[in-house]
Each structure stands twice: as C-alpha cells, then as structure tokens.
Enquirer: 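Dumping the structure here so I can ask a few things about it.
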Amino acid sequence: NAGVTQTPKFQVLKTGQSMTLQCAQDMNHNSMYWYRQDPGMGLRLIYYSASEGTTDKGEVPNGYNVSRLNKREFSLRLESAAPSQTSVYFCASKRGETGYEQYFGPGTRLTVT
Amino acid sequence: GENVEQHPSTLSVQEGDSAVIKCTYSDSASNYFPWYKQELGKRPQLIIDIRSNVGEKKDQRIAVTLNKTAKHFSLHITETQPEDSAVYFCAASKGSNSGYALNFGKGTSLLVTP
C-alpha cells in the first residue's frame, strides 16, 4: 500500500495563477482532510470530507475549493493564488467512524511569488 | 472553535533525561488527543494518542496523561535519545461533531544533545 500520496511535491506559482493539489489514498478510508502548515503556526485545517460526496470548511477555507472526486481522491484548488498561500500543504485520511487516527501524505511545498 | 495551546515552544534536554510537553484545550467536547512527531521535511507521524475515557497511556518510553477537568494533557518522553529530536505537535478532536478533524497546537521543537 502506498498510503496517502500527494502531487506535486513542489510548486512555484505567480500571484493570480491557479492550480490543483492532488491527494489519493489506497487504504479505503472514508474521511479525508487538507491542512496547511506555516512556520510557528502548527497545522491548520482548510477543508475536510467526512465521507464520499460531502465536504465541509475548516478553520482557514478562504481562497480554496475542494472536490471529493471519489472515495480515493480529494483535491484542493487555488483559483487565484496569493503570496499568503505560500505554505506546506498536507493531505490526511482516516478510516471509518470506529477509528480516530489520521494518516498524512508527504506534503506539497507551494511558493507563490 | 477549539483552541489548543502548547508549551514550551522549544525544549533542549541532555540524552537520557526526560522531556515533558504540555497542552491545554478550550472545548470540553473534545474527546481525542493525539501527539504527532515531525522530523525536518517529513510528514507528521502519530506517536501516541489518548481518548477522553482514559487518564494515562504508555508505550515504551512515551506516555500521555489527560486531565479532563483541567482540560490539559501532556506528553512524557523518558530516557531521551538524539533520534527523539524533532517537532512535536499535540492536537484535539471533537470526534464526529467535527468530522474527526484535528485542531493542532503550534508545536514544540525538541533537541536532545548527546
């Protein structure tokens, strides 16, 4: 099992450009999450999908959209990138309601100039 | 929303000593408290967790204690080794009430010197 995978690993965007961060998991998990990590700020929740077909806002959703394409895949889209979105983005997944543990992907390091 | 505070932000200990990191949370509905270790450039990895119906949990050199009344929980690492050097994050979750999403503390950078 590859676990949680993310693409790309690194990306540089200019202000105003758009891009989609991809996340996939092969553990048959129901719930998936997007976090961003900034120096000294810990990880903050952007959006989550408790199950296929549902998405909900987290703590810092402004400037982002998400799509739960199917049970395996959960993408994060930046429609018009801003320098404030420079960050490391982590996707995570969690199995069904009996489990709490979240498994993280390797992260995408995004720089917006 | 839930607010998780973590102290200290940096911690330096000598190899073999113990390290303690403390977290407080604000929402009494939180019922799951994991601790993650993150090495430089790597993903966060779960090292231990505790649910609200348990006061203490131990796994070899690592232990977590929870005081629900005071709304705080702590990570204890005994007999520290240089490979324990990393950033440690505590988190809290309200379970199904919030999609099992995690609210993280800001992290503690632990340095274990030989």
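First the proteins, then the strands, lettered A, B, ... as listed; each starts at 1.
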Enquirer: Please classify the contact of L43(A) with chain B as side chain, backbone, both or neither, using a heavy-atom distance under 4.5 Å.
Expert: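 Backbone plus side chain of L43(A), per the 4.5 Å heavy-atom cut-off to chain B.
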
Enquirer: Backbone N or O of M27(A) within a donor-acceptor pair of the Q25(A) side chain at under 3.5 Å?
Expert: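 Yes, the answer is positive, given that a donor and an acceptor are paired below the 3.5 Å cut-off.
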
Enquirer: Find the one option among G41(B), S109(B), G107(B), S98(B) whose heavy-atom pairs under 4.5 Å with chain A are most numerous.
Expert: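 Looking at each option in turn, the highest pair count goes to S98(B).
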
Enquirer: Tell me, for P44(B) versus chain A, whether the close heavy atoms (under 4.5 Å) come from the side chain, the backbone, both or neither.
Expert: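 Both the backbone and the side chain of P44(B) come within 4.5 Å of chain A.
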
Enquirer: Based on non-hydrogen pairs under 4.5 Å, which of A50(A), G107(A), P106(A) is most in contact with chain B?
Expert: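 The option with the most such pairs is P106(A).
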
Enquirer: Given the options V4(B), L46(B), N103(B), which has more heavy-atom pairs under 4.5 Å with chain A than any of the others?
Expert: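 Of V4(B), L46(B), N103(B), L46(B) has the most heavy-atom pairs under 4.5 Å with chain A.
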
Enquirer: Take atom CD in Q60(B); do more than 12 heavy atoms of anything else shown fall under 6.0 Å from it?
Expert: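 For Q60(B), atom CD is not crowded (no more than 12 foreign heavy atoms under 6.0 Å).
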
Enquirer: Ignoring hydrogens and geometry beyond distance, is a side-chain donor-acceptor pair present between Q37(A) and S87(A) at under 3.5 Å?
Expert: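 Side chains of Q37(A) and S87(A): no pair found under 3.5 Å.
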
Enquirer: Do you know which of R109(A), Q102(A), M41(A) has the most heavy-atom pairs with chain B at a distance under 4.5 angstrom?
Expert: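 Greatest number of close heavy-atom pairs with chain B: Q102(A).
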
Enquirer: Identify which part of Q38(B) has an atom lying under 4.5 Å from any heavy atom of chain A, answering side chain, backbone, both or neither.
Expert: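 Interface part for Q38(B): side chain.
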
Enquirer: Does the ring of Y88(B) carry K37(B) above it, NZ/CZ under 6.0 angstrom from centre and within 45° of its axis?
Expert: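 Not satisfied by the 6.0 Å and 45° rule.
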
Enquirer: Quick check on the hydrophobic clustering: are V4(A) and F104(A) connected, directly or via other members, by side-chain heavy-atom contacts under 4.5 Å?
Expert: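 In one cluster with V4(A): F104(A), no.
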
Enquirer: Would you say the side chain of N28(A) lies within less than 4.5 Å of the side chain of K71(A), judging by non-hydrogen atoms?
Expert: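 Side-chain contact under 4.5 Å: yes.
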
